[in-house]
Amino acid sequence: MTGKAAYYITTPIYYVNDSPHIGHAYTSLACDVLARFMRLDGREVFFLTGTDEHGQKVEKSAAAAGRDPKEFVDEVSERFRALTKLMNYSNDDFIRTTEDRHIRACQELWRRIVANKSPKGRENIYLDTYGGWYSVRDEAFYGEAELTKGADGEKIAPSGATVEWVEEPSYFFRLEDWRERLLEYYADDGASDGGASVAPDSRRNEVESFVKGELFDLSISRTSFSWGIPVPDDDDHIMYVWLDALTNYITAAGFPNEDSEKYKTFWPANLHMVGKDILRFHTVYWPAFLMAAGLEPPKRVFAHGWWTNEGEKISKSLGNVIDPADIVEQYGLDQVRYFLLREVPFGNDGDFSHRAVLLRSNSELANDFGNLAQRVLSMIHKNCDAQMPQPGEYSQADKEFLAAAEALITSVRLEISEKQSFHEALTLIWAVVRQANGYVAEQEPWVLRKSDPARMVTVLYVAAEAIRHLAIICQPFMPDSCARMLDQLGASSDKRDFTSLGPDDALLPGTRLPEPEPIFPRFINDDAKTGE
Ligand code: MSP
């Protein structure tokens, strides 16, 4: 979809019991690329990330660190804020669930759910006693049938986390009454407005069959600890951390002030990006809570896959957690950003390996793209008096090649804005990068230098124009490197959005060009570094 419609995209808010790792960096990176893409495409964007600071897991982590919970979350939340800087995310807000604006929003959402009746005319929330299994690591309740036995006979949740028996007074949400409405919600293919409400399709099928099965009422308050948001009119209870956490998405949009410009512009959110592990919370509980409160559910939830490290599950106990700061230092930020979205079809699981980062950085960034720009710009620098040259008449080959570069945005837009197929978008872009290399190899401007200098100038200009298109389209993925490439091409800084694609804003002949410098370094495949 093009045009000026506003676009609201969110990452999950991160638990502050831990330091950021590659999985966290990945979810937000995908959002950042999408947010940047939408802005370049002329849309007003609101990109939200932040931290999830309440609940038993965080309370326990604070206690284990011997810290007061608020002091603890203040410190750990900063690590996630630092991640946004490290990864060059363009988020417009960073929400913390301990903020007053959020506490207000949660309590108001609760009140509205209480005030409304379910589709079956019953109360949405009722008080009872919860007796069942709870996993603190997942902050999730599990039914007996979902559990398996661990090595020492302990009960294990499907996520691999241990569970404990919990018995305490609790408020319940009448989830079952929302089944039909949820099924209608999943059935919406959103063809005219950003795609199906749950994606990819395999995930939509997964939640659909979950909702068609037996739906238990959901325990939505806790009484056995206190690190959370008090339930309105009953201070003995704090809200279930997922109800609290999910609400962040409307808090940041200005709720409960529904008359605010912000709320009217951005709610319902266009896209909640999540990992596959938290699909159910976002596609079952969250839309049901919203509908019960009389609010609109998000337009779309996309669940991506998980990363392993050199073939192994990433976990603290295995000691193989990948710190984004380490790989950014080792390979460079844009190389990491490119790799994470190129390596794995978005939605699938994938494996991180140093060898794979090196291969892609060397062959696709340094060789294919970097060398292309470097060769063309160096020839212009040397042979055209360090100025963008004035091309002569285009040949058929020039026209066809430029047409391919100009058409690229249409297919890339479809992959990114509508399907979140970042890997496909990069595949399409790289097909044009290769075409550009083929064009230069075929036209042999270094031969033309002697035989037909006027034709050489045209070839170099056409190649530079194609590189301009590629650099503009790659900006969401690699903002700094593409900015440098566009600087080197002498592309005007106010002509770098997608409206500048095409011939009208073509590179200006006569523009002085700086000395070209390589944008993507080649890494030596040092065995010690890769551990192979
Ligand atoms: N606090 C909740 C989200 C609340 S949203 C209202 C939470 N936080 S988390 O910090 O545990 O996870 C945040 C995101 O990181 C999730 O989308 C999760 O899927 C993602 N990842 C965590 N480990 C991951 C990998 N190994 N690989 C890819 N993403 C993973 O869940």
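All heavy atoms count here, side chains included; hydrogens, waters and symmetry mates do not. These numbers come from a predicted model, not from an experiment. Just so you know, ligand 1 is whichever comes first in the structure, and atom 1 is the first atom listed for that ligand.
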field: Options Asp277, Val58, Asn248, ranked by nearest heavy atom to atom 18 (C) of ligand 1, top entry
entry: Asp277
For atom 6 (C) of ligand 1, the option (of Tyr249, Phe80, Phe352, Tyr14) bearing the nearest heavy atom: Tyr249
Closest approach of any protein heavy atom to [atom], naming residue and atom:
atom: atom 27 (N) of ligand 1; result: Trp307 N, 2.9 Å
atom: atom 17 (O) of ligand 1; result: Gly275 N, 2.9 Å
atom: atom 20 (C) of ligand 1; result: Thr27 OG1, 3.8 Å

statement: Taken in chain and number order and not counting sequence neighbours, the residues that satisfy side chain to side chain donor-acceptor pair (under 3.5 Å) with Trp430 are none
Check for me whether [X] has a heavy atom closer than 4.0 Å to any atom of ligand 1.
X: His21; answer: yes
X: Trp242; answer: yes
X: Lys313; answer: no
X: His282; answer: yes

- request: Ignoring angles and geometry beyond distance, decide whether His24 reaches within less than 3.5 Å of ligand 1 through its nitrogen or oxygen atoms.
  value: yes
task: Determine, stepwise, if the pair Ser90 / Asp32 fulfils side-chain hydrogen bond (donor to acceptor under 3.5 Å, both in side chains).
output: CA-CA 6 Å; Ser90 59; Asp32 183 58; 2.7 Å; yes
- request: Describe, in one word, how the ring planes of Phe289 and Tyr285 are oriented to each other, choosing from parallel (under 30°), tilted (30 to 60°) and perpendicular (over 60°).
  value: tilted
